Amino acid sequence: METTGGIQASLSGRYAVALFDLARDGKTLDTVAASLAALKATLAESADFKGLVNSPVLSRDAAGKTIAAVASSMGLDPLTTNFLGVLAQNRRLSQLPAIIRAYETLLSNHKGEVRAEVTSAHPLDAGQVSALQQGLRARVGRDVALDAKVDPAILGGLVVKIGSQMIDSSIRTRLNSLAHAMKG
């Protein structure tokens, strides 16, 4: 089994491992990853979809029918669509964000990559992402898959997390350090 970091120890991890194993066996790892990326983006952008996923009042049937309609309209692959149906029937749709993160980790491990969570004040363009990936590859010695987030509160710079390491070059942190040193 290619799980690391105790992914199977959590409920979401067990679901992610099951989905990963099915996708690997069906040779659809990247197709499922693309569907999960679309779901992740929709969760971030749509309050209605986030509400559906986290709703405790929807019946299993209603949640299943609604998620099937959403999957169809998004053009998700059949395995991911069926998987969402299983989550709805088991009342586990609220686990979807954690399942997506665990699947991404499993896929990166399978490809020999390291996952890095990058937070920037503004969206990064393709050139910046490529340069960052090359710099991180030189630092860690392996290919790096980026999970980019935008948080205007950091003001500028980047916060990069790779496993338990964090590289914080944000302007907010630098200003806080300067303020602390001036109080000193």
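What's counted below: heavy atoms across the whole structure, side chains too, no hydrogens, waters or symmetry copies. Here the structure is a predicted model, which is why all the values come from computation and not from measurement. When a residue number appears, it is its place in the shown sequence, counting from 1.
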With a 3.5 Å cut-off and no angle check, do the side chains of [X] and [Y] form a donor-acceptor pair?
{"X": "Ser46", "Y": "Asp48", "answer": "no"}
{"X": "Thr105", "Y": "Arg115", "answer": "no"}
{"X": "Thr31", "Y": "Asp77", "answer": "no"}

State plainly whether one hydrophobic cluster holds both [X] and [Y], where clusters connect Ile, Leu, Val, Met, Phe, Trp and Tyr through side-chain heavy atoms under 4.5 angstrom apart.
{"X": "Val159", "Y": "Leu175", "answer": "no"}
{"X": "Leu58", "Y": "Leu39", "answer": "yes"}
{"X": "Leu22", "Y": "Ile99", "answer": "yes"}
{"X": "Ile167", "Y": "Leu155", "answer": "no"}
{"X": "Val70", "Y": "Leu79", "answer": "yes"}

* With sequence neighbours excluded, what pairs up with Phe83 under the ring-ring contact (aromatic ring centres under 6.0 Å, His included) test? ->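 In terms of ring-ring contact (aromatic ring centres under 6.0 Å, His included), with neighbours along the sequence ignored, Phe83 is linked to no residue.
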
* Salt-bridge contact Glu113-Arg142 (side-chain N to carboxylate O under 4.0 Å) -> no

* To do: State whether Lys40 and Asp147 are salt-bridged, where the test is any N-O pair (Lys NZ or Arg NE/NH1/NH2 against Asp/Glu carboxylate O) under 4.0 Å.
  => yes

* **Heavy-atom closest pair, residues Val150 and Ala121** => CG1-O, 3.4 Å

* To do: Give the minimum heavy-atom separation between Tyr103 and Ala16, together with the two atoms involved.
  => N-CB, 3.8 Å

* To do: Would you give the length of the straight line joining atom CZ of Arg92 to atom OG of Ser12, rounded to the nearest 0.5 angstrom?
  =>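 Reported value, rounded in 0.5 Å steps: 10.5 Å.
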
* Find the distance between CZ (Arg174) and CD1 (Ile171) and round it off to the nearest 0.5 Å. => 7.0 Å

Is there side-chain contact between [X] and [Y], with heavy atoms separated by less than 4.5 Å?
{"X": "Met74", "Y": "Thr42", "result": "yes"}
{"X": "Leu87", "Y": "Leu96", "result": "yes"}
{"X": "Leu124", "Y": "Leu158", "result": "yes"}
{"X": "Ile154", "Y": "Asp151", "result": "yes"}
{"X": "Phe20", "Y": "Val32", "result": "no"}
{"X": "Arg91", "Y": "Pro56", "result": "no"}
{"X": "Leu43", "Y": "Val53", "result": "yes"}
{"X": "Arg14", "Y": "Ser10", "result": "no"}

* Using modelled atom types only, decide if a donor and an acceptor are shared between the side chain of Asp168 and the backbone of Ser170 within a distance under 3.5 Å. =>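 Side chain of Asp168 to backbone of Ser170: a pair is present.
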
* **Donor-acceptor contact below 3.5 Å, side chain Thr80 vs main chain Leu76** => no

* Asked: Out of Leu29, Asp30, Leu106, which residue meets the side chain to side chain contact (heavy atoms under 4.5 Å, CB included) rule with Lys111?
  -> Asp30

* Verdict with supporting geometry, Gln128 and Ser120, side chain to side chain contact (heavy atoms under 4.5 Å, CB included) -> CA-CA 11 Å; Gln128 292 168 321; Ser120 60; over 6 Å; no

Donor-acceptor list for residues 129-141 side chains, cut-off 3.5 Å, not counting sequence neighbours:
unit_1	atom_1	unit_2	atom_2	d
Gln133	NE2	Val144	O	3.1
Arg137	NE	Asp143	OD1	2.9

* To do: Under the side chain to side chain contact (heavy atoms under 4.5 Å, CB included) rule, what do Gln95 and Tyr15 come out as? Steps first, then yes or no, please.
  => CA-CA 9 Å; Gln95 295 287 316; Tyr15 275 102; 5.6 Å; no

Which atom pairs, donor and acceptor, lie under 3.5 Å between side-chain atoms of residues 60-67 and protein residues at least two apart or in another chain?
unit_1	atom_1	unit_2	atom_2	d
Arg60	NH1	Gln89	O	2.4
Thr66	OG1	Ala62	O	2.7

